[in-house]
Amino acid sequence: MMKKVIRLALLPVVCAALSVTSCSEPVLVETVYESTDLPVNGVTLIPFNGGVYTLNFKTEVVTKADTTYRDCQYRINYGDQVGEAVTVDHGIRSVDVVIEPNYSENKRKVSVETAEVTAEPQWETVIKAFQAPALEKSCGFYWAKGNVVLRDGRFAIADDLKEPGLFFPRGGSRYGVPAGASYAGTAYGPEPVKVPLEELYSKDQETYTDVCTMVDPGLRTPSYMELYYLYAAEDLSKSESEGLSGIGFKDTYFFLPFYGGISLENGTYIGKGEYGGYLGLGSNFSGDGVIYSMNREYTILDYNLAHLTMGSLRCVKNTALPSYVSHEPAEAADCRAFDIKVVTDPGAFELYEISWESDAGDVLFEDATDKVPEQVFTIPANTTHQAKTWKLFVNRIYTGKSFVQPELTDYVRYVSHDPGKAEAEAFRLSVTFESDLPSFTVAIKGTDGYEAQQEGSKDKLTVVFDVPANTGDERTFSISVNGNDLGKTVVQAAAPKTALFSVIWSPAALTIKDGKYVFAAPGEKPMLFKWKSRYGISYAAGNDYPGKAYGPEEKAVNFSEIPDSEVDPCTLVEPQGTWRMPSMEELLELVSYTDPVLVPNVSWTLTDGDQSVTLLGAGSSSSGKRIADKNIMIWSSDPELGGKCQYLMWFTQDGKQPKQAKTAAKTAMQVRCVRGK
């Protein structure tokens, strides 16, 4: 309840009524409310921090036959909350009243009423005013308009954005230090306490009381998720407010200035206007506190890992935080991986984080919501020789719940193998393990059916296999131990091929020159043909169909009118009937025969040791406009049911493998010819 301060007048006054009417009849002199310095015009608001204001009175002389004195009273109301009545004895000239802070998100009505001191007083409103709220909504939560400051021996909210406020070593320390030239050895909690600089980070953690709640029970230090919503809504274009550098946020006037901080190394006040750090509730396994760090170049929401600078504290509305309910199982049975279910109460949060952290640095995160407040975690196997302690955090705040995962025993663990890839010749494969077992079985299995196994032990941690030469296609060996596949493989190259291409390939793609069907010069972009069309289309001058085709004579014709499915154009190369379009089988034989050589965005070259075939990217066209001109698209002679014809597609932009595809015969693409040996 508010503190009442009454100031006695120096002049003797005979009556004690505060209303505009006399307190009782008959009255000789009555005291009447005259004025106040409270803002009552409805435009100017009482500051959210409140303050001390004066009610002034004047005296009016009334001539009566006799004199009667009656005391009067006043009360201050906040919204619907009615204040306590305070008696004003006769002789009072003015009254000082304290308007308490409004640490809420709503503008608050403040009224002053007066009445005679009677058994059933008749209260009359003499003052109506409104008080500004201390909180504003930003990114889904209500934030204080200023940082935590020290005022009149207590923690309060700064009512001026230019006031940096106190700096705290972390969210969770109640000892703040004011901005100044250097730390003078006194921190405030809010009472002054002598604390060495090197002890500030850890001082008083066991008896921690949230500083924001000490300001007002309706406030608290922000949690990780509330800071995260700010972080996610940063608007770096809003870099100044009221002459202060800092960071603003989307769809809000809320602003966090770069107040700098106080160095925990030497106690100096540094970085004002250059960077800022805003503290949050919670910590990681090691006790590093949550902090939202920002400067002119970047921001980060993480933990204060360096512990070098004290940060600012901006409070939020004290909504219910997510909290722990249960977890099952409560303990780890052994070192093996297992699932653990965590149930939480979301409080007032729609989204928050649940996490497990171990003393070995493992961190597991899952998002929870008000609709799904429980999550299942898979705790990985402990593959170390030391027990692990896991702690449970909700919204980055330690729940006090933990368990110990036993160290690894009766184990065999893969370390390495060599080689990872082998030529077709016979080779020796070595596989190394860590183990405390007297015996374990290691096996390899090839994709061609080859199998072998060897025994290992704690005294024989490297197992060796003599793998025979490969006489077939490329094969891959998988490695397992005690029947468990390790997910490790060794690739052995295929036996060298001795056969040659089954056909002779034309030296380049089909084109038309001087009224004849011929093959393009090396590196020359070929003509495009519809499937089994005699008409060649030259795109050398651009990407659009030039309006004419060659069959072999030049002919002006619309692209859609060029016929298809009429003749194999390769057979028209002289001597006619010598060449033909390749089958899809022959195209696939070509591109799978040996390792190709790529000229990026230009070509692939293949060889069987006898022939060398270069395939150029030339694209295709289905409407007159050439597309994908860096891609290799070559017609095969094979039709497909449903009006589709088969072609080979390959990309010159990267190392992707060629693939068999099909499209309509009206599509134009390059033609490569073959003939029998």
Side-chain angles (χ1 to χ4, degrees), residues 421-427 446-448 468-476 491-511 517-527 529 568-575 577-620 630-638 645-662 669-677:
K421 187 175 182 180
E423 298 299 331
E425 294 82 6
F427 69 98
T447 50
D448 63 346
N470 187 8
T471 59
D473 295 333
E474 177 184 273
R475 59 181 177 180
T476 300
V491 176
Q492 187 179 24
K497 292 184 181 293
T498 57
L500 303 175
F501 293 146
S502 61
V503 293
I504 296 174
W505 287 87
S506 61
L510 183 65
T511 191
Y517 294 90
V518 295
F519 300 120
E524 178 186 354
K525 286 283 188 179
M527 283 186 169
F529 294 78
D568 181 338
C570 288
T571 64
L572 303 178
V573 177
E574 293 183 354
T578 304
W579 297 89
R580 60 175 173 81
M581 293 170 62
S583 67
M584 179 53 68
E585 182 180 357
E586 289 164 339
L587 281 168
L588 293 176
E589 176 195 58
L590 171 68
V591 297
S592 64
Y593 204 80
T594 58
D595 291 335
V597 176
L598 170 66
V599 177
N601 299 314
V602 177
S603 66
W604 285 100
T605 298
L606 308 106
T607 182
D608 65 352
D610 181 30
Q611 297 184 68
S612 182
V613 181
T614 297
L615 306 178
L616 292 175
S620 68
K630 295 179 182 179
N631 292 348
I632 297 168
M633 298 179 179
I634 301 177
W635 279 124
S636 82
S637 60
D638 297 350
C645 302
Q646 296 186 59
Y647 68 97
L648 179 84
M649 179 167 61
W650 206 353
F651 304 93
T652 64
Q653 299 95 320
D654 51 41
K656 291 184 177 179
Q657 294 298 310
K659 69 176 183 178
Q660 182 179 354
K662 60 184 178 180
M669 59 183 68
Q670 66 174 294
V671 173
R672 193 68 177 251
C673 303
V674 297
R675 62 183 174 87
K677 285 187 174 182

Within-4.5 Å side-chain heavy-atom neighbours: [X] and [Y]:
X	Y	value
Pro658	Phe651	no
Trp650	Val591	yes
Ser502	Glu589	yes
Val602	Thr652	no
Trp604	Pro596	yes
Ile632	Leu648	no
Gln670	Phe529	no
Met581	Val671	yes

Minimum heavy-atom distance between [X] and [Y], given as atom pair plus value:
X	Y	result
Cys570	Asp568	N-OD1, 2.9 Å
Phe519	Ala508	CD2-O, 3.5 Å
Phe501	Thr607	CZ-C, 3.9 Å

Worksheet item: Any salt bridge between Arg672 and Glu586, counting N to O under 4.0 Å?
Response: no
Discussion item. Checking Thr511 against Glu524: is there a side-chain donor and acceptor pair closer than 3.5 Å?
Written reply: no
Worksheet entry | Test item: side-chain donor near acceptor, Thr605 and Thr614, under 3.5 Å | yes
Worksheet item: Of Asp638, Val674, Val503, which meets side chain to side chain contact (heavy atoms under 4.5 Å, CB included) against Ser583?
Response: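 Looking at Asp638, Val674, Val503, the match for Ser583 under the side chain to side chain contact (heavy atoms under 4.5 Å, CB included) is Asp638.
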Supply the atom-to-atom distance [X] [atom1] to [Y] [atom2], rounded to the nearest 0.5 angstrom.
X	Y	atom1	atom2	value
Leu510	Cys673	CG	SG	4.5 Å
Ser603	Lys630	OG	NZ	13.0 Å
Leu615	Leu590	CG	CG	5.5 Å
Met584	Ile634	CE	CD1	9.5 Å
Ser637	Arg580	OG	CZ	6.5 Å
Asn631	Leu616	CG	CG	13.0 Å

Discussion item. Would you say the ring centers of Tyr517 and Trp579 fall short of 6.0 Å from each other?
Written reply: no
Item to complete: Go through the structure and list residues passing side chain to side chain contact (heavy atoms under 4.5 Å, CB included) with Thr578, not counting sequence neighbours.
Response: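 If we apply the side chain to side chain contact (heavy atoms under 4.5 Å, CB included) test to Thr578, skipping adjacent residues, the hits are Pro575, Arg675.
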Worksheet item: Taking only residues two or more places apart in sequence, or in another chain, which ones meet Glu425 in a side chain to side chain contact (heavy atoms under 4.5 Å, CB included)?
Response: Glu423
Fill in: Stepwise side chain to side chain contact (heavy atoms under 4.5 Å, CB included) check, Glu474 with Val491
CA-CA 7 Å; Glu474 177 184 273; Val491 176; 3.6 Å; yes
For [X], which residues count as a side chain to side chain donor-acceptor pair (under 3.5 Å) partner, sequence neighbours excluded?
X	result
Thr571	none
Gln492	Arg475
Asn470	none

Worksheet item: Is the backbone N or O of Gln646 less than 3.5 Å from a side-chain atom of Ser636, with the two atoms forming a donor-acceptor pair by type?
Response: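 Looks like yes, one N/O pair under 3.5 Å.
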Practice prompt. Measure from the side-chain N and O atoms of Gln611 to the backbone N and O of Trp505, and report whether any donor-acceptor pair falls under 3.5 Å.
Written response: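 Yes; at least one donor-acceptor contact below 3.5 Å.
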Practice prompt. For Cys645, enumerate each residue passing the disulfide (SG to SG under 2.5 Å) test, keeping only those at least two apart in sequence or located in another chain.
Written response: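 None.
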Worksheet item: Around atom NZ of Lys662, are there more than 12 heavy atoms of other residues, nucleotides or ligands at under 6.0 Å?
Response: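 Not buried by this count: 12 neighbours or fewer within 6.0 Å.
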